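Inspection log for the structure reproduced underneath, given as structure tokens.
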Amino acid sequence: MQVRDVLVSAPGKAILHGEHAVVHGKVALAVSLNLRSYLCLKATTGGNLCVNLPNIDTFLSWDLSELKHVIPPVSGRRDELKLLDPDLVRRLREFVGVTNGNLNTSQMATLSFLYLYLSVFGSGELPSLTVSVWSELPTGAGLGSSAAYSVCLAAALLCASGAISSPLNDWDHTARWCQEELELINSWAFQGEMIIHGNPSGVDNAVGTWGGMLRFLAGKIIPLSRVPLLRILLTNTKVPRSTKVLVSRVKDKINKFPSIMAPVLDSVDAISCTCEKVLSEMTSEPITGEHYNALEELFDINQHHLNVMGVGHPALDTLCRVTLAKGLHSKLTGAGGGGCGITLLRPETSSAVVQATVQDLKDCGFDCWETSIGGPARTRGRTRERAVQMLRIKGTVSMVQIDINQWKGSDSSHLISRLMVFC
Ligand SMILES: Nc1ncnc2c1ncn2[C@@H]1O[C@H](COP(=O)(O)OP(=O)(O)OP(=O)(O)O)[C@@H](O)[C@H]1O
Ligand SMILES: C[C@@](O)(CCO)CC(=O)[O-]
Ligand SMILES: [Mg+2]
């Protein structure tokens, strides 16, 4: 089978409000980050499937003749993408040698890769490929690394199989797919997330696919086009955690104390809706200190709720305390239990205060960096450099032209060069 070489990229995300509650049908607000994952897929002739995942030290190769036996006898192309094919999952778990018990980092990534590969190509001839994924995102830290990985896999495999087009745009050296193709990528990425998370809401893969800021409610995705550009600090406490474990911990708590937890989830829902309203006001009227006061208070209230849900961590408490000492407000982002937190910076926050806060957080052993989220949706009518920069911020899943020279001088050139080592 003839497949095309593909290089794709998808962004990570930060959740402003609604993590965990969104799994239980409440509103979440999430936004893409200018940190991305990159995937290079190359057709080969060796009759095998190779995967290189340098972020998690995983380098594997299988004979296609062995892999063919994993495909269930009645497997065909599935249009219902809301559930996993249990037979294929069971066979793959046997194939990777984990029939029961939890999968480790490498096994989860491998299983979701093989699941998507066999689902996309399983009804025809299996192509010989090398797939390499490299990410700027910390793995398993709350910034949507699993979703960016799944979105890249879905986009590249669908594109290589011819199920979606491979549009390329000379103007900014990236290309995006049409709405229908993005929906297909998103639903396949959701399958990858199901293998990694167990019970994902779908918010992370939606941001990885569409980028920008989204309101997500029970699978319904509403892009928020009118949002202000916000300065934030992202802090990685470096405490390892697993989204799957944390999501199931919250579920257990809800089952144990339904009447106590239901109002907490309702309150988080109201926080997301209130935040959305404040953000919208900030684009339609002059921004005042009151807007920032409200955003800060919403961070504080939500952080308390997340502690009540049992997904806090002493390192996250430290983050909140250290930033508050400088007058800044923080909350965890993503699944919590460690991982990353987000700190809101006000327009008047001086660079001296930012630098001192970053230093204090680094002194706690954390990684910390300033970035921005939100901002206007348009990327047209800008210089190429500005467009590339905006794309990294707004960041839909996109196809990237493989000619590295064209990226010289852009932020991404060194990343793509590193990725090419594996291609
Ligand atoms: N660059 C990568 N290469 C291979 N696998 C990855 C990569 N990034 C993430 N993964 C897979 O995703 C898993 C981490 O997913 P998890 O959902 O726990 O964290 P996250 O997505 O970073 O955080 P959150 O879901 O809170 O946003 C890893 O154990 C690994 O299996
Ligand atoms: C914790 C969670 O709400 C967000 C993880 O980034 C899980 C999910 O929505 O799938
Ligand atoms: Mg995840």
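Everything numeric here is computed off the predicted structure, so don't read it as measured data. Heavy-atom basis, side chains included; hydrogens, waters and symmetry copies ignored. Read the numbers this way: they start at 1 and go in the same order the structure lists the ligands and their atoms.
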Heavy-atom nearest option to [atom], drawn from [options]:
| atom | options | value |
| --- | --- | --- |
| atom 23 (O) of ligand 1 | G142, S132, C340 | G142 |
| atom 29 (O) of ligand 1 | T105, N104, L153, V311 | T105 |
| atom 15 (O) of ligand 1 | S242, G12, S146 | S146 |
| atom 7 (C) of ligand 1 | V203, T139, N205 | T139 |

Below 4.0 Å, non-hydrogen atoms only: which portion of [X] touches ligand 1? Side chain, backbone, both or neither.
| X | value |
| --- | --- |
| N55 | side chain |
| D204 | side chain |
| H197 | side chain |

**Study point:** ring pair (Phe, Tyr, Trp, His ring centres under 6.0 Å), paired with F299, selected from H17, H305, H329, H304
**Key:** H17
Proximal ligand 1 atoms for [X], defined as those under 4.0 Å from one of its heavy atoms:
| X | value |
| --- | --- |
| I56 | 4 (C), 5 (N) |
| S135 | 1 (N) |
| G334 | 26 (O) |
| M108 | 29 (O), 31 (O) |

Given 3.5 Å as the limit, does a donor-acceptor pair link the side chain of [X] with the main chain of [Y], or not?
| X | Y | answer |
| --- | --- | --- |
| T237 | A315 | no |
| K68 | L126 | no |
| S37 | W134 | no |
| R36 | E136 | no |
| K331 | L16 | yes |
| N302 | V268 | no |
| K13 | G142 | yes |

Note the single closest protein heavy atom to [atom], along with its residue, its atom name and the distance in Å.
| atom | value |
| --- | --- |
| atom 5 (N) of ligand 1 | A109 CB, 3.4 Å |
| atom 26 (O) of ligand 1 | R241 NH2, 2.7 Å |
| atom 13 (C) of ligand 1 | I196 CG2, 3.9 Å |
| atom 3 (N) of ligand 1 | Y149 CD1, 4.0 Å |

Review point. Does a donor on one side chain and an acceptor on the other come within less than 3.5 Å for S330 and T323?
Key: yes
Check your understanding: Any luck finding a side-chain donor-acceptor pair between D363 and Q359 under 3.5 Å?
Key -> yes
Test your reading of the structure: does [X] have an N or O sitting under 3.5 Å from an N or O of ligand 1?
| X | result |
| --- | --- |
| G144 | yes |
| G140 | yes |
| A335 | yes |
| W134 | no |
| T243 | yes |
| S145 | yes |
| A141 | yes |

Review point. Under 2.8 Å from the Mg ion (ligand 3), is there an N/O/S atom belonging to S146?
Key: yes
Would you say [X] has more than 12 foreign heavy atoms packed within less than 6.0 Å of its [atom1]?
| X | atom1 | result |
| --- | --- | --- |
| Q179 | CD | yes |
| K326 | NZ | yes |
| E94 | CD | yes |

Revision key, fill the gap. At a 4.0 angstrom heavy-atom cut-off, ligand 2 is contacted by K13, I15, E19, H20, V22, V23, H197, P200, S201, V203, D204, V247, G334, A335
**Study point:** Any K13 heavy atom less than 4.0 Å to ligand 1
**Key:** yes
Check your understanding: Is Q107 near ligand 1, meaning one of its heavy atoms is under 4.0 Å from it?
Key -> no
Point to revise | Residue among L64, D63, V3, L49 satisfying side-chain contact (heavy atoms from CB on, under 4.5 Å) with S128 | key: L64
Point to revise | Basic-acidic side-chain contact under 4.0 Å: R249, D252 | key: no
Review point. How long is the gap from CD1 on I56 to OG1 on T110, to the nearest 0.5 Å?
Key: 6.0 Å
Study note, to complete from the structure: CG (L233) and SG (C368) are apart, to the nearest 0.5 Å, by 4.5 Å
Point to revise | Pairwise side-chain contact, D204 with T243, heavy-atom cut-off 4.5 Å (strictly under) | key: no
